[in-house]
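Only one structure is covered here, and it is reproduced in the block below.
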Number of protein chains: 2
Amino acid sequence: MADPSKLVRPGGASEKRGKPTLRTIADITGLAVTTVSRALADAPQISLETRQRVRQVALEIGYSPDRAAQRLKTGRTNVIAVLLAPHEEILGYGTSVMAGIARALQGTAYHLIVMPNFLDAANIEAVNYIIRNGMADGLIFSRTEPLDPRVKLLSETGFPFVTHGRTELATTHPFVDYDNFTFTYEATRRLIAKGRRKPALISGPSGFTFSGHILHGFMTAVREAGCAYEILSGIDLDSPAGAIRDRIRQRQAEKDPPDGFTCGGEVCALATITGMSDCGLTLGLEYDIVAKQTSPLLGAIQPRVDTIYEDLTETGEHMGRILLRRIGGSTDIGELQLLLDPELRFKPQPAEVS
Amino acid sequence: MADPSKLVRPGGASEKRGKPTLRTIADITGLAVTTVSRALADAPQISLETRQRVRQVALEIGYSPDRAAQRLKTGRTNVIAVLLAPHEEILGYGTSVMAGIARALQGTAYHLIVMPNFLDAANIEAVNYIIRNGMADGLIFSRTEPLDPRVKLLSETGFPFVTHGRTELATTHPFVDYDNFTFTYEATRRLIAKGRRKPALISGPSGFTFSGHILHGFMTAVREAGCAYEILSGIDLDSPAGAIRDRIRQRQAEKDPPDGFTCGGEVCALATITGMSDCGLTLGLEYDIVAKQTSPLLGAIQPRVDTIYEDLTETGEHMGRILLRRIGGSTDIGELQLLLDPELRFKPQPAEVS
DNA sequence: CGCACAATTTAAAACGTTACAAATCGCCAC
DNA sequence: GTGGCGATTTGTAACGTTTTAAATTGTGCG
């Protein structure tokens, strides 16, 4: 039994103010703060009965641990940081992925903080800052380069992270990636299967790993088929819609233009359609497009665009889960890497026009 | 001068490990921890010389204060929370706004945490949780209702917040809003000026304040002109693109269909064009659209859509700044509320087809 | 009866910071 | 010289938690 005289301590049960702390529970149950702490942690050395009683009281008074105090003591921040690149402002990439990450973090003690990248340069500075200042327990970012310096830095430091995208570094690291090789390979094969004789690729922005995959898939398909092909110069998937539209129009005015387009994004597909339309050409008649679909957007337009799906929210959820595993100490690379298959499906369509 | 014997303290200058703390600086300068703390806070009671020296040393060793310790001591979290609604996953609304908020927070001690709203119901639960657990110093959310319970709760509590959108509550509160009345008013007037005889409105989702403004602006314009009009039933701006497209098509098959559309969003405009196109009707010939533009998306399509601009990143930046002011103690409602004028401009166009 | 041992509980220290009150110093007036 | 004042600096305590080590019980056994 606790010495009754100890029940009256400064700042003890007498003060009703403020949110409940371990001490509040200690005062109520007559236990020591330490005991309460360990009881809530389900430490086996605390008797089952005590654990249950403490848990009960905690629930009743609506206790929740002070994050700052926990963080100060343990050094763990319970924070996951996401690096947001400028390109992600468009078309909901960022929000979809974040919603997925947040879903994975749901029910855990982790919060999601967003670090937008204002620097035009690689966001290696931001990464460095996060590591040095211990601002998070884990990091998520996208658009990896084959020899990504962020990945290098994080790997050397041993800081837990997951990338959206692969690298070509010797050291393996956790990632989630979409199989962009298969995407462009299948997309281009579909164009050829539709009878198109000269598929064109709007390539990925240079420097990123996925751009290589996109190119490789395209080249594999056209070489297998032995058909003519073209990689559209002067534009890429990051180009503004207007620029893509102009380039498409311009190319059609020259000789031997392509009659099929592999588009890695929705805005790109839309711009292509518009550019072709400027030239009086109709999708499905004079040319075809196979595009990647990451939002319901293309469902809105006519004529129907043939698409291959990528679920960005699911991607985010996988990244979140993998990061939690990594933070939890897992080094089993098998459960820390994930290559997602393109979902080969036609977009959901509204009722057909009869 | 410090007593030399005190220079050797447990955990003092002897340990080179870990990130620098106030104590590290204290050991180097020979000052007390307290002095260093206040020097960095630029307290006037500390001599200018000391302040400069401390600042210099802090810079050299790369000191940055421990957020957890500051938070524990002061009770301030240095965190701004953003409530992310499910609808914001599409078309970059969320990311644009967040990028703006982050820009406003740039250079301050504040971090941005994202709280996605998984509950289908109003996110009053999330708000309550944030207040009760002191998880942030301020809150930002969108899609206010006229009698928004979140606003009520936050106002009663005195918790700093800014909304994207107004309410009709008696108590004033900080907000940033886009003038949707003027948007639909001007948009609809433009339709009429183009010679359209029966403008139609795709209304906002019911229950939100901005939906009322949209309706009001539309009604004012058509009443002033004394023309026929229609509010399309069965769909709203949150409807999936396919549903809007179907509804448009269906409506055109009935008698006395509208020949102008006021569209509060880009996907909505796209779906409308597609639905009309299904019926063999061409934008600019048989009908017109005036749409709200929040991304470069509509720049990609043909024919040109007449748009009125809303800058969501700017909105976010204003919200961030206002929230900082509010947290700073400002109660001057004049600098805490902002109604943004619609920018009446045609979208930037690529080179014309000659 | 006393001692060892396991099972539980406890006190004290520490994480890095800031707030409060108190101490030190130089210097001038009396 | 002593007292006092302004200008600086300092020690101590505290925020709420976890960790380490130690104390307190109860129990069985020689």
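Atom set for the values below is all heavy atoms of this structure, side chains included, hydrogens, waters and symmetry mates excluded. In the text below, chain A, chain B and the rest are named by the order of the sequence lines, each starting its count at 1. The structure presented is a predicted model; accordingly, all values stated were derived computationally and were not measured.
Around the CZ atom of B/Arg53, the shell of radius 6.0 Å holds more than 12 heavy atoms that belong to other residues, nucleotides or ligands.
Nearest heavy-atom pair across B/Leu323 and B/Leu139 is CD2-N, 3.7 Å. Closest heavy-atom contact between A/Glu145 and A/Thr167: O-CG2, 3.4 Å.
Interatomic distance, CG of B/Asp148 versus OG1 of B/Thr163, reported as 8.0 Å (0.5 Å rounding). Rounding to the nearest 0.5 Å gives a distance of 6.0 Å between CG of B/Leu40 and CZ of B/Arg55.
Taking only side-chain nitrogens and oxygens, B/Ser37 comes nearer than 4.0 Å to OP1 or OP2 of C/dT18. OP1 or OP2 of D/dT9 lies within a sub-4.0 Å distance of a side-chain N or O belonging to B/Thr50.
D/dA7 atom P lies 17 Å from atom CD of B/Glu49, rounded to whole Å. Rounded to an integer number of Å, the gap from CZ of B/Arg53 to C1' of D/dT8 is 13 Å. Between B/Arg23 atom CZ and D/dT10 atom C1' there is a gap of 14 Å when expressed in whole angstrom units. Between A/Gln45 atom CD and D/dT19 atom P the separation is 11 Å, expressed in whole Å. Rounded to whole Å, the distance from CZ on A/Arg38 to C1' on D/dT17 is 13 Å. Atoms CD1 (B/Ile61) and P (C/dG16) sit 13 Å apart, rounded to a whole Å. Rounded to whole angstrom, the span from the CG atom of B/Asn133 across to the C1' atom of D/dT17 amounts to 15 Å. Whole-Å rounding puts the B/Leu31 CG to D/dT10 C1' distance at 10 Å.
Each of C/dT10, D/dT9, D/dT18 was ranked by its minimum atom distance to the side chain of B/Thr35; first place goes to D/dT9. When distances run from any side-chain atom of A/Leu22 to the nucleotides D/dT9, D/dT17, C/dT9, the shortest one goes to D/dT17. Picking from C/dA12, D/dT17, D/dT10 the nucleotide with the shortest atom distance to the side chain of A/Val33 gives D/dT17. With C/dC20, C/dT9, C/dG16 as the choices, the nucleotide that has an atom nearest any side-chain atom of B/Asp66 turns out to be C/dG16. Taking every side-chain heavy atom of A/Tyr63 into account, D/dT17 is the closest of D/dT17, C/dT18, D/dA21. Relative to the side chain of B/Ser47, the nucleotides C/dT8, D/dT9, D/dT19 differ in distance, and D/dT9 lies closest.
Judged by distance alone, with hydrogens and angles left aside, the side-chain atoms of B/Arg67 form a donor-acceptor pair with the main-chain N or O of B/Asn78 at under 3.5 Å.
A/Thr21 comes within 4.0 angstrom of the backbone, heavy atoms only, and of no base.
Of the residues in residues 67-81 of chain A, those with a non-hydrogen atom less than 4.0 angstrom from any atom of DNA chain D are A/Ala69, A/Gln70, A/Lys73, A/Thr74.
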- Message: For B/Arg321 and B/Glu317: C-alpha separation, side-chain torsions, deciding distance, then whether salt bridge (Lys or Arg N to Asp or Glu O under 4.0 Å) applies.
- Response: CA-CA 6 Å; B/Arg321 274 209 247 280; B/Glu317 194 168 350; 2.9 Å; yes
